[in-house]
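Here the structure is laid out as structure tokens; the discussion comes afterwards.
We count residues from 1, following the sequence as given. Basis for what follows: all heavy atoms, side chains included, without hydrogens, waters or symmetry-related copies. Worth saying up front: this structure is predicted, and the values here are computed from it rather than measured.
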Amino acid sequence: MNSSTVKSDRDKIAVELTPNEALALTGVEFNADHDVKASAQRKIRAAFEKTFDFQTQER
């Protein structure tokens, strides 16, 4: 796995989640809708990538 360095002056990000998405991230399982947790993770990843500058380090 590539390691990356986060360079930013910001120390917080904000992500808007539905109540079900927030619950899914705490470990609650939604058997009827398996995409709830994946959707929440995608939102967090997208917000993180927009906020922080990644630079991949070579080994």
Side-chain angles (χ1 to χ4, degrees):
M1 184 161 91
N2 291 340
S3 60
S4 44
T5 303
V6 177
K7 291 188 177 184
S8 177
D9 293 333
R10 298 184 65 162
D11 56 351
K12 294 183 182 182
I13 61 171
V15 179
E16 195 168 312
L17 301 172
T18 66
N20 284 349
E21 289 170 336
L23 283 172
L25 291 176
T26 66
V28 175
E29 295 186 20
F30 290 86
N31 294 328
D33 190 1
H34 298 288
D35 192 48
V36 174
K37 184 175 182 180
S39 174
Q41 290 172 332
R42 281 192 301 269
K43 287 180 180 181
I44 291 172
R45 185 175 299 116
F48 198 89
E49 289 173 352
K50 288 178 186 177
T51 305
F52 297 100
D53 178 32
F54 290 97
Q55 293 181 349
T56 304
Q57 295 178 346
E58 297 291 328
R59 286 189 178 191

**Request:** Tell me whether L23 is reachable from V15 by hopping between hydrophobic residues (I, L, V, M, F, W, Y) whose side-chain heavy atoms are closer than 4.5 Å.
**Result:** no
**Prompt:** Of all heavy-atom pairs between E21 and K43, which one has the smallest distance, and what is that distance?
**Reply:** OE1-NZ, 2.9 Å
**Item:** Non-hydrogen atoms of A14 and A47 that approach each other most closely
**Value:** O-CB, 4.2 Å
**Asked** If every non-hydrogen atom of I44 is compared with every non-hydrogen atom of L25, which pair is closest and at what distance?
**Response** CD1-CD1, 3.5 Å
**Prompt:** Between K12 and T51, which heavy-atom pair has the shortest distance, and what is it?
**Reply:** O-CG2, 4.4 Å
**Request:** Write down the atom of V36, the atom of N20, and the distance for their closest heavy-atom approach.
**Result:** CG1-O, 3.4 Å
